[in-house]
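Working notes, beginning with the structure itself.
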There are 4 protein chains.
Amino acid sequence: MSTDRKPDPSRRRQQSRDSILEAALALVLEVGYSKTSIESIASRAGVGKQTIYRWWPSKGAVVFDSVLAHAGVEDGVQLPDTGDVEADLKQVLRATVAEFADPAFEAPIRALNSEIIFDADLAAAYRERMAAPVEEAKKVRLRSAQAAGQLDPDADLDLLLELLYAPVYQRWLLRTAPLTQEYADQLVETVLRTFAPARTPTSP
Amino acid sequence: MSTDRKPDPSRRRQQSRDSILEAALALVLEVGYSKTSIESIASRAGVGKQTIYRWWPSKGAVVFDSVLAHAGVEDGVQLPDTGDVEADLKQVLRATVAEFADPAFEAPIRALNSEIIFDADLAAAYRERMAAPVEEAKKVRLRSAQAAGQLDPDADLDLLLELLYAPVYQRWLLRTAPLTQEYADQLVETVLRTFAPARTPTSP
Amino acid sequence: MSTDRKPDPSRRRQQSRDSILEAALALVLEVGYSKTSIESIASRAGVGKQTIYRWWPSKGAVVFDSVLAHAGVEDGVQLPDTGDVEADLKQVLRATVAEFADPAFEAPIRALNSEIIFDADLAAAYRERMAAPVEEAKKVRLRSAQAAGQLDPDADLDLLLELLYAPVYQRWLLRTAPLTQEYADQLVETVLRTFAPARTPTSP
Amino acid sequence: MSTDRKPDPSRRRQQSRDSILEAALALVLEVGYSKTSIESIASRAGVGKQTIYRWWPSKGAVVFDSVLAHAGVEDGVQLPDTGDVEADLKQVLRATVAEFADPAFEAPIRALNSEIIFDADLAAAYRERMAAPVEEAKKVRLRSAQAAGQLDPDADLDLLLELLYAPVYQRWLLRTAPLTQEYADQLVETVLRTFAPARTPTSP
DNA sequence: ACATAACCGAGACGGTACGTCATGTCTTGCG
DNA sequence: CGCAAGACATGACGTACCGTCTCGGTTATGT
């Protein structure tokens with residue numbers, strides 16, 4: 001016998017959920033994450049505070065859902081495949097760099113990251129719902145490159161992706177150095193060189 | 001013309017500063033960063049709140065100084081140089097991995113990072129006072145390796161270090177995958193392979 | 001157009017109100033008015049500070065309500081009417097003098113007065129809710145005396161009451177001279193003499 | 001053997017004292033008594049806080065001295081004596097009423113009174129240094145009236161003065177009713193009637 | 001003439017309280 | 001019963017002052 005409140009999700013009002021997520025995202029953009037409060041979200045969404053507390057455990061979770069809903073990663077992700085890995089990867093990494101530079105993305109994503117740092121549950125949710133699909137799409141492209149002989153067939157693709165993306169992520173997060181298109185290109189070139197296919201011994 | 005109060009640092013009481021930094025670090029370890037308040041730091045340090053506000057602009061800055069004072073990076077940093085870069089780098093990167101796993105380091109450093117994400121000033125301070133000295137020590141070792149012919153003399157050392165450390169940092173921060181000693185070794189090997197000196201068929 | 005929060009009195013918790021007023025009165029008695037803080041009232045009443053700020057504009061207003069609630073002037077006030085004005089007034093004025101000497105009344109009432117001096121709103125509230133009912137009761141008795149031919153029918157009763165009470169009030173407030181029962185009697189006699197009915201030599 | 005600081009008044013800097021009193025008075029006028037702080041007085045006077053604490057026990061005492069120094073009651077006080085008590089008293093009481101209405105006097109004097117209410121020492125100082133000389137001057141005039149047969153030779157002059165001034169004081173302090181010149185006149189007339197000389201029994 | 005003791009300005013300090021904001025819980029009344 | 005509204009106890013915020021305490025720098029004699 002438990003006294004826990006267990007709200008019935010079927011009775012949930014979709015309109016409230018939407019306006020909460022919208023308000024949360026708008027506030028993070030306008031006043032920043034730390035100045036965004038549950039109270040301000042509720043007030044802006046025209047919603048009672050309890051309605052937020054009923055469905056989300058924390059401010060971080062609300063903002064997480066906001067960003068997720070807005071990013072719309074839930075649709076299938078697919079990377080370009082022109083046959084030229086280097087060109088394709090450069091295009092993709094340049095797009096990532098550009099995204100990080102977009103103020104409309106930057107604020108919510110920094111907020112997301114600052115929560116993920118502390119909250120292992122959010123981190124897991126992030127991996128599963130945001131990172132994993134993208135990760136898998138990238139690997140599809142890389143396997144295609146392996147099949148085309150542009151990449152070492154034994155390359156550890158997880159490691160490769162880390163070497164490619166972690167430096168970008170770190171530069172953006174810690175602002176250690178400017179994030180430029182040239183940097184993206186340089187990373188792609190360096191990493192591809194590292195995982196280049198073994199030089200085919202042309203003669204016996 | 002400014003009305004800002006500019007307290008005179010020469011009149012600052014060293015004892016207060018010390019007990020504040022100590023209290024801040026202890027609280028972050030004991031109750032976590034977000035539950036550490038300026039008020040609790042002041043109270044634990046036996047200090048008036050104003051004494052904190054007089055010398056630091058934010059909780060983040062206090063914790064930053066705590067970590068800095070505790071880490072003692074201000075002393076010269078020097079890396080081992082046994083003549084074998086790979087062995088030396090593996091030792092150093094394994095130490096980094098171990099440090100990240102130490103609960104006594106983890107909490108304050110996660111706190112630090114969560115502040116740095118938002119606060120560009122703190123990020124700059126971090127770069128200058130914590131990262132830069134260590135970075136420089138690492139480069140000294142790498143240049144020594146270049147001189148010894150163990151590394152491409154044209155290698156971009158900044159990029160090399162990013163490829164080496166950013167993946168570790170990202171795994172730790174986002175908990176994307178376990179941080180093991182083997183992973184450290186693998187990273188060192190991969191990166192050294194990338195920046196290996198060109199095979200000069202000098203003489204038969 | 002006003003952005004002011006206007007709390008809904010119907011949702012007010014009576015229990016909180018009561019414990020706040022009780023705590024305020026107790027604290028003024030125990031530690032004095034100036035050492036009584038909103039914070040200490042809240043803490044003693046087991047109430048959040050905001051609950052005080054929501055319903056009262058200032059410490060003075062809280063203490064005012066405390067005194068008012070305690071004095072219970074809101075009930076009808078009625079003065080003795082034995083048929084002998086002089087005796088009745090002496091009794092009433094002696095009671096006033098005694099009240100001023102009672103330490104349990106003195107502290108809160110001095111507190112009240114010190115606030116009223118500065119705060120015209122409080123002064124108005126004092127007149128309307130504390131002074132007026134008593135004033136009216138006194139006038140009822142005086143009119144009865146006029147009807148009985150013990151007082152000049154043309155006497156300005158407001159003036160009469162001021163001449164009677166202001167000296168007592170002043171002596172108490174400024175401690176210019178001891179407040180004794182004899183003094184009360186002397187005042188009554190003097191003032192009654194001033195407003196005695198004209199000697200009408202009606203018939204021998 | 002005492003460790004008490006006993007500052008040597010002979011070494012006191014007159015300039016500091018003056019600027020403190022001046023600053024105190026100005027602040028009470030400008031921002032009101034309760035918003036006047038020791039710190040603001042010191043700052044405005046260009047004086048260290050300690051210099052105030054060295055010579056005065058409390059804010060009330062400083063303001064008291066300010067008002068005293070400004071009022072300049074220390075000079076001899078003398079009331080008009082035209083031979084007509086009623087006219088003279090009306091003139092004096094009207095002046096008092098006017099003074100109370102003057103904003104430049106009102107603020108500091110309300111401040112004074114609010115301190116006197118709580119602080120018996122200040123009350124005594126007030127009586128001795130401000131009230132007494134004026135009181136004595138008034139009595140001189142009244143005795144002259146007694147000698148002139150305009151006043152009952154047995155009149156209790158203290159009581160008379162209380163009946164004359166307390167109502168004015170009360171009206172001003174509590175704002176119970178407007179303080180007009182007519183009111184002053186009415187008071188004088190009423191009180192003089194009360195203490196009129198006994199009707200001389202013209203025939204035996 | 002020169003120590004030496006005080007006052008003095010400045011302001012850092014450990015505190016208390018301020019009045020505001022947000023938290024997460026609870027209650028009320030509407031639909 | 002979900003919900004908007006919002007009162008509530010709690011607790012932290014950042015600020016203002018409190019009264020005490022150094023810190024140098026003038027005075028201002030007193031030998």
Side-chain angles (χ1 to χ4, degrees), chain A residues 5 7-13 15-16 34-43 45-55 57-59, chain B residues 5-13 15-17 19 34-43 45-55 57-59, chain C residues 5-13 15-16 34-43 45-55 57-59, chain D residues 5-13 15-16 35-43 45-55 57-59:
Chain A
R5 291 247 154 258
D8 175 357
S10 76
R11 306 196 116 229
R12 184 169 190 178
R13 188 168 301 179
Q15 197 184 30
S16 296
S34 56
K35 283 183 192 161
T36 297
S37 62
I38 297 268
E39 219 143 62
S40 62
I41 295 172
S43 151
V47 136
K49 280 199 292 175
Q50 203 58 261
T51 303
I52 298 184
Y53 283 111
R54 191 158 23 235
W55 303 109
S58 68
K59 179 177 76 163
Chain B
R5 293 249 152 261
K6 288 184 182 174
D8 176 357
S10 76
R11 301 196 138 240
R12 185 168 190 178
R13 190 165 299 181
Q15 197 183 31
S16 298
R17 191 191 123 100
S19 55
S34 57
K35 283 183 192 161
T36 297
S37 61
I38 297 265
E39 218 146 61
S40 61
I41 295 172
S43 147
V47 137
K49 277 201 287 179
Q50 204 63 271
T51 301
I52 298 184
Y53 284 110
R54 187 155 30 231
W55 303 111
S58 67
K59 180 176 74 164
Chain C
R5 293 249 152 260
K6 287 184 180 170
D8 175 357
S10 77
R11 302 197 139 236
R12 183 169 193 177
R13 190 163 299 180
Q15 196 183 33
S16 297
S34 56
K35 284 183 191 162
T36 296
S37 61
I38 298 264
E39 218 143 61
S40 61
I41 295 172
S43 147
V47 135
K49 278 199 288 177
Q50 204 63 274
T51 301
I52 299 184
Y53 284 111
R54 187 156 29 232
W55 303 110
S58 67
K59 180 175 75 164
Chain D
R5 292 246 154 259
K6 288 185 180 172
D8 175 358
S10 76
R11 307 197 116 223
R12 183 170 192 177
R13 189 168 298 180
Q15 196 185 32
S16 296
K35 284 183 192 161
T36 297
S37 62
I38 298 267
E39 219 142 63
S40 61
I41 296 172
S43 152
V47 136
K49 280 200 289 176
Q50 204 58 261
T51 303
I52 298 184
Y53 284 112
R54 189 159 24 234
W55 302 111
S58 68
K59 178 176 78 164

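Numbered from 1 within each chain, the chains take letters A, B, ... in sequence-line order.
- Heavy-atom nearest nucleotides on DNA chain F were determined for B/T36 and for C/R12, and the one closer to the 5' end corresponds to C/R12.
- Backbone-only engagement by D/S16 is indicated by non-hydrogen atom pairs under 4.0 Å involving sugar-phosphate atoms exclusively.
- Between the NZ atom of B/K35 and the C1' atom of F/dT10 there is a distance of 14 Å, given to the nearest Å.
- Distances shorter than 4.0 Å separate none of the side-chain N or O atoms of B/T51 from OP1 or OP2 on E/dA12.
- Side-chain N or O atoms of D/S43 include none that pairs as donor or acceptor with a backbone N or O of D/E39 at under 3.5 Å.
- Heavy-atom minimum distance, C/A42 versus C/G48: CB-C, 4.2 Å.
- With distances taken from any side-chain atom of C/Y53 to the nucleotides E/dT23, E/dC18, F/dC13, the minimum falls on E/dC18.
- Between the P atom of F/dA12 and the CD1 atom of B/I52 lies a distance of 13 Å, rounded to the nearest Å.
- Looking at the side chain of D/V47, the nearest of the listed nucleotides F/dA16, F/dA7, E/dG9 is E/dG9.
- For C/E39 and F/dG11, the CD to P distance is 12 Å, given to the nearest whole Å.
- When all heavy atoms of B/T51 and B/S16 are compared, the closest pair comes out as CG2-CB, 4.3 Å.
- Among the nucleotides E/dC13, F/dC13, F/dC17, the one closest to any side-chain atom of D/S37 is F/dC17.
- The CD-P distance, from B/Q15 to E/dC13, rounds to 11 Å in whole Å.
- Not a single donor-acceptor pair, N or O on each side, falls under 3.5 Å between the base of E/dG9 and the side chain of D/K49.
- Ranked by how close their nearest DNA chain E nucleotide is to the 5' end, C/I38 and B/G48 are led by B/G48.
- Mapping D/S40 and B/P57 onto DNA chain F by nearest heavy atom places B/P57 closer to the 5' end of the strand.
- B/P7 approaches B/W55 most closely through the heavy-atom pair CB-CH2, 3.6 Å.
- The separation between D/I41 atom CD1 and F/dG19 atom C1' is 14 Å, rounded to whole Å.
- We find the OG-NZ distance between D/S37 and D/K49 to be 9.0 Å, quoted to the nearest 0.5 Å.
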Between the protein and nucleotides 24-31 of chain F, which nitrogen or oxygen pairs are less than 3.5 angstrom apart?
{"unit_1": "F/dA28", "atom_1": "O4'", "unit_2": "D/R11", "atom_2": "NH2", "d": "3.4"}

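- No donor-acceptor contact under 3.5 Å links the side chain of D/Q50 to the base of E/dA10.
- The side chain of D/W55 places no N or O atom within less than 4.0 Å of a non-bridging phosphate oxygen (OP1 or OP2) of E/dA6.
- Here B/R54 lies in heavy-atom contact (under 4.0 Å) with a base.
- Distance C/D8 CG to F/dG6 P: 8 Å, rounded to the nearest Å.
- The two residues B/I38 and B/I52 come nearest to each other via the heavy atoms O-CD1, 3.9 Å.
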